[in-house]
2 protein chains.
Amino acid sequence: MSARDARNAHVRAMRTPPVVERESSAAVDLGPLSGFIGYRLRRAQLQVLAGFEQALREIGLSPGQLSVLVVISRNPGLTQSDVCTALGIQRANFTPLLHALEATGLATRQVLPADRRSNTLQLTALGRDVLVRALALHERLERRITDCLGGGGRAQLAELLRKLEAL
Amino acid sequence: MSARDARNAHVRAMRTPPVVERESSAAVDLGPLSGFIGYRLRRAQLQVLAGFEQALREIGLSPGQLSVLVVISRNPGLTQSDVCTALGIQRANFTPLLHALEATGLATRQVLPADRRSNTLQLTALGRDVLVRALALHERLERRITDCLGGGGRAQLAELLRKLEAL
DNA sequence: GGGAAATGGTTATGATAAATAACTAATAAT
DNA sequence: ATTATTAGTTATTTATCATAACCATTTCCC
């Protein structure tokens, strides 16, 4: 990095023709990697994830938890499996996620009388309240993204990603 | 899901006006979630990741490993830290990743005489060969993505994601 | 009606990626 | 020469995703 650059700075300044430049900081060639969608996706997702945690820090919801709250808020009475398939979560991974929402008093399970294997999900009053606040905080993140991409870019990105889900 | 639909099918067929439709399969309302870039990113990234593993199965490289091979192939003599900052990997997480590449004979570390704390990285002959084959296999995935998004869409996506990394 | 098969939810477990802190050896700074 | 940085390693923690096995319930079908 710049360590070695600093070390060799005098050499370069006096005698080195600025040809090789000794890997000066950002001079790393990513080659075909720059065009890999998967690579770009990973880095972008990490960045947005960091933004999410920052934006929702005071509430402390994970992305998955927020998504579940949104879905059961708009579709009261869905079963766990319904939510899982809607969100692309494994049923096995959904159990602890949901239990966390129950433990914090945001959601409740209720056995469906018509099929006593199934649990239907509802938000508590607290859950509705927290959801509203979380969505407001999340707006900040989305605004940052819009500022970064422009309104059109943001819409394009959402659409392209949506298409990609059907890969 | 369709389970409950099937259960109530006779009822609906005889007397129920097709109004409520009992959460028919894809009728889950994601609400604002559909517009969340973070949500779309997560799902798209998972999909592309699955495509990656499928495409490179016969070689068995992880995305991170491939990215490292590419970078040290195009920039021989980089130190570990150089590669880390170029790829956005923590130095601590890079160590086992690199050791795996060494253990499979794809890359070598070499102490830099000018600074014996640093290791410079090189590909072995095998590493170069595997890299070529891996890139060829990876082409398939990229082609699938291009088929899915169109050439223009793919370029747009790459650019938008690149911008997002600077969020 | 009653046994086999399928379904909803849970548990346990493993694999992977990422973050943090503490440590060593070597170099740089003063 | 002492001190402070820096490169790399180790250990640990956390979170996400995947798989398989299991129980209770319901459906299928004979």
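A note on names: the letters A, B, ... follow the listed sequences, proteins ahead of strands, and every chain is numbered from 1. Predicted model, so just to flag it, every value in this text is computed and none were measured.
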Figure out the [atom1]/[atom2] separation between [X] and [N], and round it to whole Å.
X        : N      : atom1 : atom2 : answer
B/Gln110 : D/dG8  : CD    : C1'   : 16 Å
B/Tyr39  : D/dT16 : OH    : P     : 15 Å
B/Leu49  : D/dA15 : CG    : P     : 20 Å
A/Leu112 : D/dT25 : CG    : P     : 14 Å
A/Leu98  : C/dG8  : CG    : P     : 16 Å
A/Phe94  : C/dA12 : CZ    : C1'   : 19 Å

* Quick one: label B/Gln80 by what it contacts on the DNA or RNA (base, sugar-phosphate, nothing), any heavy atom closer than 4.0 Å. =>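 Since only primed, P, OP1 and OP2 atoms lie under 4.0 Å of B/Gln80, the category is sugar-phosphate.
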* According to a strict under-4.0 Å criterion, is B/Gln90 in side-chain N/O contact with OP1 or OP2 of C/dA18? -> no
* **Short side-chain N/O contact from B/Ser81 to OP1 or OP2 of D/dT6, under 4.0 Å** =>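 Checking B/Ser81 against D/dT6: no side-chain N or O falls below 4.0 Å of OP1 or OP2.
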hbond_proxy [X] side chain to [N] base (donor-acceptor, 3.5 Å cutoff):
X        : N      : answer
A/Arg117 : C/dG9  : no
A/Asn93  : D/dA18 : yes
B/Asp115 : D/dA7  : no

* Can you find a heavy atom in the side chain of A/Ser73 that is under 4.5 Å from one in the side chain of A/Arg128? -> no
* **Nucleotide of C/dA19, D/dC17, C/dG9 approaching B/Leu46 most closely (side-chain heavy atoms)** =>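 Closest nucleotide to the B/Leu46 side chain: D/dC17.
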* From C/dA21, C/dA12, C/dG9, pick the nucleotide closest to the side chain of B/Ala92? ->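 Selected nucleotide: C/dA21.
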* **Flag, side chain of A/Asp82 to backbone of A/Thr79, donor-acceptor distance under 3.5 Å** =>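 Yes; judged by distance alone, with no hydrogens or angles, the pair exists.
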* Main-chain N/O of B/Ser34 paired to B/Arg40 side chain as donor or acceptor, under 3.5 Å -> yes
* Distance-only side-chain donor-acceptor flag, B/Gln110 / B/Thr108, under 3.5 Å ->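 Distance-only check fails for B/Gln110 and B/Thr108.
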* Given salt bridge (Lys or Arg N to Asp or Glu O under 4.0 Å), test B/Arg162 with B/Glu159 step by step and report yes or no. => CA-CA 5 Å; B/Arg162 203 192 49 72; B/Glu159 172 61 10; 2.8 Å; yes
* Mapping A/Arg91 and B/Thr95 onto DNA chain D by nearest heavy atom, which one lands closer to the 5' end? -> B/Thr95
* Asked: Want to settle it: does A/Ile89 or A/Arg116 sit nearer the 5' end of DNA chain D, counting the closest nucleotide to each?
  -> A/Ile89
